[in-house]
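These notes concern the structure reproduced below.
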Amino acid sequence: MIIQRVVLNSRPGKNGVPVAENFQIEAVPLPDKITDGQVRARTLYLSVDPYMRCRMNEDTGSDYLLPWQLSEVADGGGIGVVEESKHGNFAKGDIVTSFNWPWQTKIILDGRLLQKLEPQLVDGHLSYFLGAAGITGLTSFLGIKEKGHVTVGDNQTMVVSGAAGACGSLAGQIGRLEGCSRVVGICGTDEKCSILVSEMGFDAAINYKKGNVAEQLHELCPAGVDVYFDNVGGDISDAVINQMNQNSHIVLCGQISQYNKDVPYPPPLPPAVEEIQKARNITRERFLVLNYMDKQEASILQLCQWIKEGKLKVKETVVKGLENIGGAFQSMMTGGNIGKQIVLISE
């Protein structure tokens, strides 16, 4: 059986910007037979995420992320349908997922790496399991629950950077659902700002490419900032921290503006900003959703309930075809998409 797969063709370098040509599609054979404990599945959807930029380096800078190897197949979040199973937990036709799904049209995996999905939880929108009802939703939900310290009735203001992205677009909505009275997003185009306000319930949105971010924050957050869901780091985060209140909280979700730079994670703050953080007792702790997997099941059920009730709006940018996954990755890293970046492999 001949299948297609995508391998890492070259590394952009620690300070380089990824391009589609860093990946290459190949045709390779897949064994016709599987062994006990294995599952063969046809890939339906693959997830493309900012953290993968770290995996393009020889050293990911993280103890929980392994680097992709040159000329070897890339992997990440994926969903597929079982075609053959020799594992007791799975049968032909089951919908399954894994955090380590190879970027291939068909895969053979140890069944222990797979999790069975229940399509009715998302009314059949299977790709949601890679986004709002998956690790992305969990990151947003648990980040706010565990690090945001949102309290109903406290009239808290939340600011979200990278607000039109996969996590940011959910985090603003979840912050509101959890009790924030005002939510302001920061993103990179007028179109994204409009969508955040008109469709996703943000009170206001700032296009950081237009005007002075600090001045706009001061105007839009007159009572200061109590919770900052940080996806980007850099100058934008410095501007937000300057507006933060005493005993406020930063949910350190990502630092996408720093991923193409050779800096530690989380990147250190400039001395003047660090002084503000310390003087105002602003918490800024690394958040890793994998440390909260004991809360996964209940959290997924809550996210799915909000989605079904229309309280949590889901945005996806869907690209069709495994051959286009490199371009999808490049677009995501340059801020060209809205919501979760998904690659549709087959239907």
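This is a predicted model, so every value here is computed, not measured.
- If you check the side chains of Glu316 and Ser127, you find a donor sitting under 3.5 Å from an acceptor.
- Two different hydrophobic clusters hold Ile34 and Leu109 under the rule that ILVMFWY side chains link at heavy-atom gaps under 4.5 Å.
- Defined by atom type and a distance below 3.5 Å, a donor-acceptor pair is missing between the side-chain atoms of Asn9 and Asn22.
- Judged by distance alone, with hydrogens and angles left aside, the side-chain atoms of Gln38 form a donor-acceptor pair with the main-chain N or O of Thr35 at under 3.5 Å.
- Taken together through direct or relayed side-chain contacts under 4.5 Å among Ile, Leu, Val, Met, Phe, Trp and Tyr, Val19 and Met333 form parts of separate hydrophobic clusters.
- For the pair Val184/Val160, no side-chain contact is recorded, criterion being any heavy-atom separation below 4.5 Å from C-beta on.
- The distance from atom CE of Met158 to atom CD of Gln173, rounded to the nearest 0.5 Å, is 11.5 Å.
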Exercise. Evaluate the side-chain contact (heavy atoms from CB on, under 4.5 Å) criterion for residues Ile250 and Met244: first the C-alpha distance (whole Å), next the side-chain angles of each, then the deciding distance (0.1 Å), finally the verdict.
Key: CA-CA 9 Å; Ile250 298 170; Met244 294 188 75; 3.8 Å; yes
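- Side chains of Met1 and Arg40 form a contact here, defined as non-hydrogen atoms less than 4.5 Å apart.
- Across Ser140 and Ile174, no two heavy atoms sit closer than the pair CB-CD1, 3.9 Å.
- Side-chain atoms of Leu322 and Val343, non-hydrogen and from C-beta on, never get closer than 4.5 Å to each other.
- For Gln296 and Ser299, the side-chain atoms include no donor-acceptor pair closer than 3.5 Å.
- When all heavy atoms of Ser169 and Phe202 are compared, the pair lying nearest together is O-CE1, 4.2 Å.
- We find the CD1-OG1 distance between Ile338 and Thr189 to be 6.0 Å, quoted to the nearest 0.5 Å.
- Judged as a side chain to side chain donor-acceptor pair (under 3.5 Å), the pairs with a partner in residues 154-163 (not counting sequence neighbours) are, in order, Ser161-Tyr228, Ser161-Asp230.
- Ring-plane geometry between His87 and Phe90 is classed as tilted, the angle between the planes lying from 30 to 60 degrees on a 0 to 90 degree scale.
- Here the closest heavy-atom approach between residue Val122 and residue Cys304 is recorded as CG1-SG, 4.0 Å.
- Atoms OG1 and NE2, from Thr283 and His249 in turn, are 5.0 Å apart once rounded to the nearest 0.5 Å.
- No more than 12 heavy atoms of other residues, nucleotides or ligands sit less than 6.0 Å from atom CD of Glu191.
- Atom CD of Glu199 is surrounded by more than 12 heavy atoms from other residues, nucleotides or ligands within 6.0 Å.
- Ser47 has its side chain within reach of Lys340: a pair of non-hydrogen atoms, C-beta onward, lies under 4.5 Å apart.
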Practice problem: Could you give me the CA-CA distance, side-chain angles and deciding distance for Leu252 and Glu285, then say whether side-chain contact (heavy atoms from CB on, under 4.5 Å) is met? | Solution: CA-CA 6 Å; Leu252 195 58; Glu285 301 167 347; over 6 Å; no
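- Glu83 and Lys92 are not joined by a salt bridge, as no carboxylate oxygen comes within less than 4.0 angstrom of a charged side-chain nitrogen.
- For the atom pair CG of Asn281 and CD of Gln246, the computed distance is 6.5 Å after rounding to the nearest 0.5 Å.
- Classified by interplanar angle (parallel below 30°, tilted 30° to 60°, perpendicular above 60°), the ring pair Phe23/Trp103 is tilted.
- Listed for the Thr97 side chain is a donor-acceptor partner under 3.5 Å among the backbone atoms of Gly78.
- Side chain of Thr334 to backbone of Gln330: a donor-acceptor contact under 3.5 angstrom is found.
- Put simply, the side chain of Asn291 never gets that close to the backbone of Phe287: no donor and acceptor are under 3.5 Å apart.
- At a threshold of 4.5 Å between non-hydrogen side-chain atoms, the residues Cys221 and Val159 count as touching.
- Heavy atoms from other residues, nucleotides or ligands lying under 6.0 Å from CD of Glu297 number 12 at most.
- Summarising the geometry of Ile79 relative to Trp101, their closest heavy-atom pair is C-CH2, 3.8 Å, with the distance given to 0.1 Å.
- Contact check on Glu84 versus Lys33 returns no salt bridge, with no Lys/Arg side-chain nitrogen under 4.0 Å from an Asp/Glu carboxylate oxygen.
- At a threshold of 4.5 Å between non-hydrogen side-chain atoms, the residues Met293 and Leu138 count as touching.
- Atom CD1 of residue Ile342 and atom CG of residue Asp49 lie 8.0 Å apart, to the nearest 0.5 angstrom.
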Exercise. Please test Cys253 against Phe229 for side-chain contact (heavy atoms from CB on, under 4.5 Å), starting from the C-alpha separation and ending with a verdict.
Key: CA-CA 7 Å; Cys253 179; Phe229 198 94; 3.5 Å; yes
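- The backbone N or O of Ser194 lies less than 3.5 Å from a partner atom in the side chain of Ser198, making a donor-acceptor pair.
- Although no hydrogens or angles enter the test, the distance criterion places a donor-acceptor pair under 3.5 Å between the side chain of Asn245 and the main chain of Ala223.
- If you chain together hydrophobic residues whose side chains sit under 4.5 Å apart, Ile186 and Leu269 fall into the same group.
- The shortest side-chain heavy-atom distance between Val150 and Ile144 falls under the 4.5 Å cut-off.
- No continuous path of hydrophobic side-chain contacts links Val73 to Ile3 [ILVMFWY only; heavy atoms under 4.5 Å].
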Practice problem: Report the C-alpha separation of Leu301 and Leu121 in whole Å, then their side-chain angles, then the decisive distance to 0.1 Å, and conclude whether the side-chain contact (heavy atoms from CB on, under 4.5 Å) test is met. | Solution: CA-CA 8 Å; Leu301 289 174; Leu121 289 176; 4.0 Å; yes
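- One side chain, Arg42 or Ser346, offers a donor N or O that lies under 3.5 Å from an acceptor on the other.
- Counting heavy atoms of neighbouring residues, nucleotides and ligands inside a 6.0 Å radius, atom NZ of Lys210 does not exceed 12 of them.
- Arg11 places a side-chain heavy atom less than 4.5 Å from the side chain of Glu58.
- For Phe129 and Tyr45, the distance between ring centers is not under 6.0 angstrom.
- Note: the hydrophobic cluster containing Phe329 also contains Leu70 (ILVMFWY, side chain heavy atoms under 4.5 Å, direct or indirect links).
- Nearest approach of Lys14 to Asn57, heavy atoms of both residues: CA-OD1, 3.8 Å.
- Summarising the geometry, atom CD belonging to Gln243 is positioned 9.5 Å from atom CD1 belonging to Ile276; distances are rounded to the nearest 0.5 Å.
- Arg280 and Ile241 get closest at one heavy-atom pair: NH1-O, 3.5 Å.
- In this structure, the side chain of Asn212 engages the main chain of Glu215 through a donor-acceptor pair within 3.5 Å.
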Quiz prompt | Chi angles and distances behind the side-chain hydrogen bond (donor to acceptor under 3.5 Å, both in side chains) call for Ser98, Asn100 | solution = CA-CA 5 Å; Ser98 173; Asn100 302 108; 4.7 Å; no
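- No donor-acceptor pair closer than 3.5 Å links the side chain of Thr60 to the backbone N or O of Arg55.
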